[in-house]
Each structure stands twice: as C-alpha cells, then as structure tokens.
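One structure below.
One is the number of the first residue; the rest follow in order along the sequence.
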Amino acid sequence: MTDPAPSSDGTAPAAVDQDSHASPASSVSLASIVKAYDVRGTAGTQLSVDVARALGAAFADFLESQELIVAHDMRVSSPELSRAVIEGAVRRGAIVADAGLSSTDQLYCASGLHRAAGVMITASHNPAPDNGLKLCLPGARPISRDTGLEEIRRGAEAYLAAGEIPERGDGRSEPLDTLPDYVRTLHELVGVPTRRPLRVVVDAANAMAGLTAPAVLGALEQLMVIPLHFDLDGTFPNHRADPLDRETLRDLQAAVVREGADLGLAFDGDADRCVVVDETGTPVPPSAVTALIARREVARARAAGEERPAVVANLVSSRHVTETVLEAGGDVVRAPVGHSLIKAIMAEHDAVFGGEHSAHYYFRDFFSADSGMLAALHMLAALAETDGPLSALVAEHDPYPSSGEINSLVRDSGAALDRVREQSTSLRAAQIDELDGLTVVHWDEDLDPEDRWWFSLRSSNTEPLLRLNVEAGERTTMARIRDEILAIARDEDDADQAGPGAEAVELPAGASGADVPSWVRSRLRCPDCGGELRDVEAALQCTDCARRHPVEGGIPVLIAGRHDVPTA
C-alpha cells in the first residue's frame with residue numbers, strides 16, 4: 001500500500017505533512033468530512049467533484065488489488081460524484097465495475113460475491129444536501145479511520161494539493177448489474193413460508209428501497225406489497241429517510257392501519273437499515289428484532305452442527321437479547337457502538353448474527369455485512385410461521401420497559417460522565433464496566449423486580465452530547481432511574497460549585513440527604529464503618545458510629561475520618 005504524491009513518472013504523490021506551513025498543501029484538509037467509519041459532508045462544497053476524484057484515486061492506491069465496484073444512491077449529487085470517484089480510481093490503474101443505482105447492502109453483496117473492494121456514494125439518512133462515501137475491502141470487509149481511512153484521507157489531500165492525479169497502469173471501467181445476484185442471494189438465505197399470505201406496507205422514503213423492495217419482496221407470491229413513496233427522488237419530497245425519527249413513520253403507521261396490513265417496513269436512504277411496525281402501527285424496538293432474528297440464526301447454526309453459535313449485540317441492546325441467545329444455546333459477545341467495530345468482532349468470534357439499537361443487522365452468511373432487507377425477510381418469515389399477529393410475536397421479545405436513547409446537550413460531556421461514574425461507584429450490588437462510556441447494571445434475580453435496572457451513558461464522538469439508555473424490570477423504576485441519571489448528568493452548575501476535590505461525592509442540590517436521588521440515597525453508606533445514613537438538618541448521620549457528614553452547597557461530602565463523632 002502506498003501514499004500518493006506528485007510525480008511525472010506516474011507514481012503516487014507523497015502524503016503531505018499537515019503540520020508544515022511551508023507546504024502548499026498545508027491548507028488542504030479533509031478532516032471535517034472523513035469520519036470514523038465513512039466520508040460525509042455537504043455535496044458540492046465539502047464533498048466536491050474534485051474531492052471525490054481524489055478520494056477515488058487514493059483508495060485505488062491503498063488497495064492491494066485493482067478491482068473495485070462503485071455504486072451510488074438516488075441523491076441529486078450522487079451520479080456526478082460516482083463518476084468522479086470512478087475517474088480518480090481509473091487514473092490510478094483500477095479496474096472499476098460501475099454498478100449504478102444501488103442500496104448499500106446491494107453493494108456489500110457484490111463486494112462479497114466478486115471479492116472486490118467497494119465504494120458506495122450515499123449519505124444514508126442525512127438530509128438531501130449531504131452526500132458521502134462508504135468504503136469496504138474485498139469481501140465487504142469494513143474500513144475505519146484506524147484501518148485505512150486516515151491513510152486514504154492523506155492521499156486524497158496530497159492529490160488535491162498537487163492539483164493533478166498522475167495516470168498509472170491500464171485502468172478502465174465497465175458496467176455491472178448487481179441486482180439479480182443480490183435478489184438471489186437474499187432469497188437463498190431466508191425463505192418466507194407460503195402457508196400464510198401476508199400484507200406488508202413498505203415505505204421507501206423515495207430512496208433506494210424503492211429499487212430493491214419490488215425486486216426482493218415483490219418476487220414472493222405469498223406477499224402483497226403495498227408501496228409507499230417508491231419513486232426515487234433525492235430531494236425527499238415526502239419525509240426524511242430516517243426511520244429512527246418517529247415523525248418519519250407517520251405515513252407508514254397510517255397506511256398499515258388503513259390497509260389492514262400485517263406489518264410495515266421503513267427503510268433509510270441507502271436501505272441498509274430497516275424499522276418494523278406491527279399491525280397496529282406500533283414501532284417494534286430494534287432490540288426485539290435483534291432477539292427474534294438471533295434466536296432464528298442460533299437455531300439454524302446449531303442444526304448445522306455448531307455447538308455454541310455466537311451473537312454480537314452492542315452494549316445498549318436490551319437485556320432480553322442476551323437471555324434469548326443463552327436460552328437458544330448460543331453465546332453473546334458485547335460490542336461498543338459502531339458498525340466497523342461490530343463487523344470486526346463478528347469476524348473475531350465467527351458470530352452468526354449481530355444487532356445494533358440503530359436498526360443495523362449483520363449476518364455472517366451475508367459476508368458479515370448489514371442488510372435491512374435481509375432483516376425484513378427474517379421478520380416476514382417469522383410471522384408467516386405463526387397464526388397470530390406481529391404484536392403477539394413481538395411481545396415475548398420486549399419484556400422490559402426501556403427509555404430509548406435520550407441525547408443530552410451538555411457543556412462538558414466528560415465531566416458529566418464523571419459525575420455519574422462517581423455516583424455509581426458508591427452503589428452496592430452494582431456491576432460497572434466502561435467498554436463504551438459507562439454501563440451500570442443493578443440486576444440480580446434475588447432482587448425485587450422494582451429494584452432491577454441498568455443504564456448505559458456514552459459520550460458522542462463528534463458532539464458535546466451524552467447518550468442515555470435505561471432499562472428496568474418495572475416501568476416506574478425505569479422512569480425513576482432515567483430522570484435521576486439525567487438530573488446528575490445535566491447538573492452542570494452544581495458540578496462547577498463542587499470544585500476539583502476528588503474525594504467529594506457530587507450529587508444534585510439538596511438541603512439534606514432527603515433531596516439526594518432515591519436510587520443513590522438508599523445505597524449510600526458511612527465511609528468509616530459502612531453503617532446506614534439517616535437525614536438530619538443539613539447533613540447525613542451514620543446510625544451506627546454517629547458521624548455526621550455535612551451537605552455543602554447541596555452536595556453530601558462523604559470522606560472517611562474527616563468528621564469526629566459528636567460529644568453530645
């Protein structure tokens with residue numbers, strides 16, 4: 001693998017030293033659009049034709065093989081950007097298959113079948129003015145900032161700085177129709193039983209499912225597909241192509257009820273994510289979809305002779321996912337949030353399936369790539385195997401009340417996370433890990449149902465945001481833990497008053513212990529003897545050793561040995 005750099009003999013330009021102000025390339029930076037797992041920015045400005053061409057050339061330089069498949073979605077800017085990527089790659093000697101209009105999982109399928117690298121021009125669920133590139137290695141293997149994107153970025157910056165892309169080798173492009181193989185592959189992986197006809201409403205959001213849903217679902221005689229917004233239109237005239245936004249589901253929910261459909265499917269812009277609604281129009285939690293598909297995939301793998309098939313679930317998936325996989329005879333591997341991370345962990349453990357709370361679902365037999373359409377086929381097959389409604393099927397996979405993901409805009413997400421972490425260390429019977437942010441589990445079968453809960457609190461990689469997910473054995477418990485964690489995380493003013501003292505236990509404002517959040521208050525103990533604490537005026541007092549621990553500025557200060565036992 002090489003770094004590009006201008007040369008009259010056709011070799012790649014050397015990567016620019018971004019710290020060198022003397023270099024004419026010092027002002028060329030793509031850092032704002034090359035993200036952790038893909039490229040994304042405003043088309044025409046941040047992601048211009050020149051930038052796309054340079055990225056295509058740099059990717060060709062990075063690859064060990066010169067075979068490359070390029071596809072694009074229906075965004076207004078996508079055809080032009082696709083041509084630019086192809087042009088840049090061809091100039092560097094790549095043999096490019098131009099796959100034209102495609103969903104992202106369709107591109108992954110082609111990459112897997114042809115053992116070729118891939119570039120998908122799409123901005124997924126982003127607004128219409130945006131666009132981007134998703135890149136993969138042969139076999140649909142992921143690329144992240146740590147495994148190649150950074151090197152590709154530097155190469156593209158060097159080409160932009162040089163103002164030219166030297167020709168190398170005998171590159172060329174040729175058309176490739178990937179849709180027939182994609183349809184055949186999905187139908188071979190999941191068969192939908194014919195014993196029961198199903199009516200399904202599909203909302204394509206004027207995006208790529210408008211191409212793939214008729215080809216995949218429309219070919220099944222047992223399905224009556226009721227189309228919604230199937231016309232490809234990169235301006236998104238009806239609603240955003242983001243099914244995780246409940247507002248975008250309104251058309252689908254109404255159509256499912258109006259048509260008496262068995263279920264509804266909503267896809268994002270590049271159709272690699274799928275959100276399901278039941279026959280009442282109620283959205284099915286992604287964790288329930290993960291549990292349902294995981295049980296099916298574990299059973300299939302065990303029937304084929306695997307002893308303990310692995311399933312990967314990110315750490316904010318429902319506790320029920322783990323319970324379902326273990327009951328089915330599989331093992332669960334927890335993963336941080338992020339599709340490249342999940343794909344890598346799936347490969348490490350040869351996992352049969354992986355699920356994310358963001359409605360991405362990964363399949364080992366689909367090159368460990370994610371596919372919204374394949375997940376949809378699993379849901380249709382599972383429903384067709386029963387006689388009841390989808391709501392009944394889902395009910396057994398959604399037993400625990402959850403908050404969903406709640407984003408909080410805070411001034412200092414690291415400090416807010418530290419406040420919650422500091423509280424959590426004082427809780428008895430709580431398990432704490434920091435695989436991705438902070439996860440606190442207070443869940444044991446010996447506990448009363450109302451005292452079983454867990455939460456995950458993570459910082460955004462790109463914004464001053466905290467992302468909270470809470471699940472509990474009872475709805476009232478979930479609401480209480482949710483509100484109390486949010487109060488601690490968002491209580492920046494009190495955090496400022498607390499100062500830098502590492503020994504102080506920082507809690508929301510209160511005149512006495514009675515105002516401390518109940519889930520924390522009930523578990524606080526005297527730091528000297530471990531005795532229980534009772535509320536007294538402006539303090540907490542140990543019921544065993546009688547030490548008083550003052551509340552200063554609304555914050556109980558629990559420091560061993562600091563306060564003497566009162567003499568009177």
Side-chain angles (χ1 to χ4, degrees), residues 73-74 103 105-106 124-125 183 186-187 190-233 236-286 288-289 292-293 358-361 371-395 397-398:
D73 68 12
M74 71 297 131
S103 64
D105 63 330
Q106 185 180 336
S124 187
H125 61 280
V183 174
L186 295 192
H187 286 167
V190 178
V192 179
T194 59
R195 62 182 292 274
R196 175 185 177 186
L198 295 174
R199 293 169 59 85
V200 53
V201 180
V202 179
D203 187 348
N206 299 109
M208 290 317 304
L211 172 70
T212 58
V216 176
L217 304 181
L220 301 176
E221 295 182 357
Q222 63 272 42
L223 300 183
M224 175 179 286
V225 178
I226 302 168
L228 201 60
H229 311 321
F230 269 35
D231 293 336
L232 300 183
D233 188 338
F236 304 111
N238 292 287
H239 60 72
R240 293 175 56 211
D242 183 3
L244 290 187
D245 181 350
R246 291 295 181 93
E247 290 298 314
T248 70
L249 296 179
R250 292 185 182 277
D251 290 352
L252 177 64
Q253 292 170 306
V256 165
V257 174
R258 181 177 65 249
E259 299 289 342
D262 295 289
L263 76 164
L265 304 171
F267 293 87
D268 68 349
D270 57 338
D272 62 350
R273 284 193 299 169
C274 178
V275 167
V276 183
V277 303
D278 68 18
E279 77 284 356
T280 71
T282 302
V284 177
V289 175
L292 190 151
I293 298 177
S358 58
H360 282 283
Y361 306 104
S371 172
M373 194 62 68
L374 194 51
L377 285 172
H378 268 285
M379 294 299 291
L380 289 162
L383 182 59
E385 292 166 359
T386 72
D387 296 320
L390 181 60
S391 58
L393 181 62
V394 168
H397 291 296
D398 188 27

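- To the nearest 0.5 Å, the span separating CE on Met208 from CG on Asp268 amounts to 11.5 Å.
- Within a 6.0 Å sphere centred on CZ of Arg246, other residues, nucleotides and ligands contribute 12 heavy atoms or fewer.
- Taking 4.5 Å as the limit, some side-chain heavy atom of Val276 sits within range of a side-chain heavy atom of Leu390.
- Between Leu377 and Leu220 there is a side-chain heavy-atom pair separated by less than 4.5 Å.
- His239 places none of its side-chain heavy atoms less than 4.5 Å from the side chain of Asp245.
- Taking CG of Leu292 as the start and CE of Met379 as the end, the distance is 5.0 Å to the nearest 0.5 Å.
- Contact detail for His187 and Ala215: the closest heavy-atom pair is CE1-O, 4.5 Å.
- Between Arg273 and Ser358, the shortest heavy-atom distance links the atoms CD-O, 3.0 Å.
- Scanning both residues, Val277 and Pro283, for their nearest heavy atoms gives CG1-CA, 3.9 Å.
- One finds the CG atom of Leu252 at 12.5 Å from the CZ atom of Arg250 (value rounded to the nearest 0.5 Å).
- Closest non-hydrogen pair, Ala271 versus Ser103, comes out as CB-CB, 3.9 Å.
- In this structure the side chain of Leu265 reaches within 4.5 angstrom of the side chain of Leu217, judged on heavy atoms.
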Pairs of donor and acceptor atoms involving the side chains of residues 222-230, under 3.5 Å and at least two apart or interchain, shall be tabulated with distances.
unit_1: Gln222; atom_1: NE2; unit_2: Val192; atom_2: O; d: 2.5
unit_1: His229; atom_1: ND1; unit_2: Asn238; atom_2: ND2; d: 3.2
unit_1: His229; atom_1: NE2; unit_2: Asp251; atom_2: OD2; d: 2.9

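- The side-chain heavy atoms of Asp278 and Val394, taken from C-beta on, include no pair separated by under 4.5 Å.
- Within the model, atoms CG of Leu232 and CG of Asp73 stand 9.5 Å from one another, a figure rounded to the nearest 0.5 Å.
- Looking at heavy atoms from C-beta onward, Asp387 lies in side-chain contact with Arg195 at the 4.5 angstrom threshold.
- A distance of 3.5 Å separates OG in Ser371 from CG in Asp105, rounded to the nearest 0.5 Å.
- Checked by atom type, the side-chain pair Thr248/Asp242 shows no donor-acceptor distance below 3.5 Å.
- Residues Asn206 and Met74 form no side-chain contact, since every pair of their non-hydrogen atoms from C-beta on lies 4.5 Å or further apart.
- Counting heavy atoms from C-beta on, the side chains of Leu211 and Gln106 come closer than 4.5 Å.
- Nearest approach of Phe267 to Ala205, heavy atoms of both residues: O-CB, 4.2 Å.
- In this structure, NE2 on His125 lies 9.5 Å from CG on Asp270, to the nearest 0.5 angstrom.
- Of all heavy-atom pairs spanning Val201 and Ala261, the tightest one is CG2-CB, 3.8 Å.
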